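Structure, as C-alpha cells:
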Amino acid sequence: AFVHSLKPVEQQAQVTGAKLAKVWMQDSVQRYRQAWIVHGEPKHMSMDGFELDMTEAGLVSPFRQDGVLDCGFWLAVHYPQREIMASELLEIRGAIKSNSYTCHYTYENGQRVIVISDANYLKIDVEMSAE
C-alpha cells in the first residue's frame, strides 16, 4: 500500500520537473534574444561556447549550414542538462513544414517536450504520457 501511495507523488514530481524544464528553456530563449538585441541584432553570435545563427526575430536557429534541422543542437543550447528529474532523453525528432519546424524530445518517464516555431513565434509545450 505504501508503494502505491507514492505513485501519485512520483507522477507529480515528474510533471513538476517537466514544467521546470519548460521554464528553463523559455528563460534561455529570452536570454539569447536579449543578448542578440544588446549586440545590435546580428545574424551570427558567439555565446556560451556556441556559434549561433540567429533568426530575424532573435531566436537561435536550429538549422545547420546545410539547411538540416538539428533539434539536438537547439536542446544543447537551451537545455544543456538534457535530463528531466533524472529521466533520460530517449529520442529527438524534428520535422519541417514550409516556414515552421517542430522538435520533439521524448524522455524515459513519459515526458515529451515539444518546441514549435512558426515564422518568428516559438512555443514550448510539455506533455505527459498517460501510463
Side-chain angles (χ1 to χ4, degrees):
F2 178 70
V3 171
H4 183 70
S5 68
L6 281 179
K7 194 77 170 150
V9 173
E10 181 183 323
Q11 287 172 334
Q12 189 58 43
Q14 293 299 331
V15 169
T16 300
K19 287 179 182 174
L20 287 172
K22 174 182 174 176
V23 168
W24 179 292
M25 290 176 199
Q26 289 170 327
D27 286 349
S28 177
V29 167
Q30 283 305 108
R31 190 170 65 83
Y32 281 94
R33 187 169 193 285
Q34 288 167 351
W36 173 77
I37 291 168
V38 167
H39 289 96
E41 302 181 4
K43 290 187 183 296
H44 309 286
M45 229 171 51
S46 292
M47 190 169 160
D48 299 332
F50 293 105
E51 293 299 319
L52 305 169
D53 290 327
M54 304 299 289
T55 69
E56 294 172 4
L59 300 174
V60 172
S61 174
F63 292 95
R64 297 192 316 225
Q65 294 297 330
D66 60 5
V68 173
L69 178 61
D70 188 347
C71 292
F73 175 75
W74 190 96
L75 191 66
V77 170
H78 293 299
Y79 195 67
Q81 57 271 49
R82 297 175 67 92
E83 292 182 351
I84 295 178
M85 300 288 291
S87 179
E88 295 286 329
L89 179 62
L90 294 179
E91 180 183 29
I92 298 175
R93 288 184 301 121
I96 304 170
K97 293 180 186 167
S98 61
N99 67 338
S100 70
Y101 68 85
T102 304
C103 291
H104 291 263
Y105 306 97
T106 305
Y107 287 83
E108 64 185 353
N109 286 343
Q111 305 100 326
R112 283 188 4 165
V113 176
I114 302 148
V115 176
I116 303 165
S117 178
D118 190 359
N120 286 320
Y121 175 76
L122 187 75
K123 180 180 179 189
I124 302 171
D125 276 332
V126 173
E127 295 178 353
M128 298 297 293
S129 68
E131 288 184 48

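Just so we're clear, the structure is a prediction, and the values are computed from it rather than from any experiment.
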**Asked** Does any N or O in the side chain of Arg112 come within less than 3.5 Å of the main-chain N or O of Met128, such that one atom is a donor and the other an acceptor?
**Response**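 No, Arg112 side chain to Met128 backbone: no donor-acceptor pair under 3.5 Å.
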**Message:** Less than 4.0 angstrom from a charged side-chain N to a carboxylate O is my criterion; do Lys22 and Asp27 meet it?
**Reply:**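 Salt bridge between Lys22 and Asp27, a charged N being under 4.0 Å from a carboxylate O: no.
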Determine whether [X] and [Y] make a side-chain contact, defined as any pair of heavy atoms from C-beta on separated by less than 4.5 Å.
| X | Y | answer |
| --- | --- | --- |
| Pro62 | Asp70 | no |
| Phe63 | Val68 | no |
| Pro42 | His39 | yes |
| Asp53 | Arg64 | no |
| Ile37 | Arg33 | yes |

Could you tabulate the donor-acceptor pairs under 3.5 Å formed by side-chain atoms of residues 82-93, not counting sequence neighbours?
from, atom 1, to, atom 2, distance (Å)
Ser87, OG, Glu108, N, 3.4
Ser87, OG, Asn109, N, 3.1
Ser87, OG, Gln111, OE1, 3.3

What distance do [X] atom [atom1] and [Y] atom [atom2] have between them, rounded to the nearest 0.5 Å?
| X | Y | atom1 | atom2 | answer |
| --- | --- | --- | --- | --- |
| Tyr32 | Leu52 | OH | CG | 6.0 Å |
| Asp125 | Ile116 | CG | CD1 | 5.5 Å |
| Ser61 | His44 | OG | NE2 | 10.0 Å |
| Leu122 | Trp74 | CG | CH2 | 6.0 Å |

**Asked** Are a donor atom and an acceptor atom from the side chains of Asp118 and Tyr101 found within less than 3.5 Å of each other?
**Response**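 No.
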**Request:** Would you check if the distance from the ring center of Phe73 to the ring center of Phe50 is below 6.0 Å?
**Result:**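 Yes; Phe50 has its ring centre under 6.0 Å from that of Phe73.
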Indicate the atoms forming the closest heavy-atom contact of [X] with [Y], along with that distance.
| X | Y | value |
| --- | --- | --- |
| Ala35 | Met47 | CB-SD, 3.5 Å |
| Ser117 | Leu59 | OG-CD1, 4.5 Å |
| Glu51 | Ser46 | OE2-OG, 2.6 Å |
| His104 | Ile114 | ND1-CG1, 3.5 Å |
| Val113 | Tyr107 | CG2-CE1, 4.2 Å |

**Message:** Show every disulfide bond (SG atoms under 2.5 Å apart) that has at least one partner inside residues 29-122, sequence neighbours left out.
**Reply:**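 Residue pairs with at least one partner in residues 29-122: Cys71-Cys103.
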**Prompt:** Is Val60 reachable from Met45 through a run of hydrophobic residues whose side-chain heavy atoms are each under 4.5 Å from the next?
**Reply:**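 Met45 clusters together with Val60.
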**Asked** Among the clusters formed by ILVMFWY side chains lying less than 4.5 Å apart, do Val77 and Met25 turn up in the same one?
**Response**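 Different clusters: Val77 never reaches Met25 through Ile, Leu, Val, Met, Phe, Trp or Tyr contacts under 4.5 Å.
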**Prompt:** Of Met54, Arg31, Lys43, which is the lone residue that meets side-chain contact (heavy atoms from CB on, under 4.5 Å) with Trp36?
**Reply:**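 For Trp36, the side-chain contact (heavy atoms from CB on, under 4.5 Å) test succeeds with only one of Met54, Arg31, Lys43, which is Met54.
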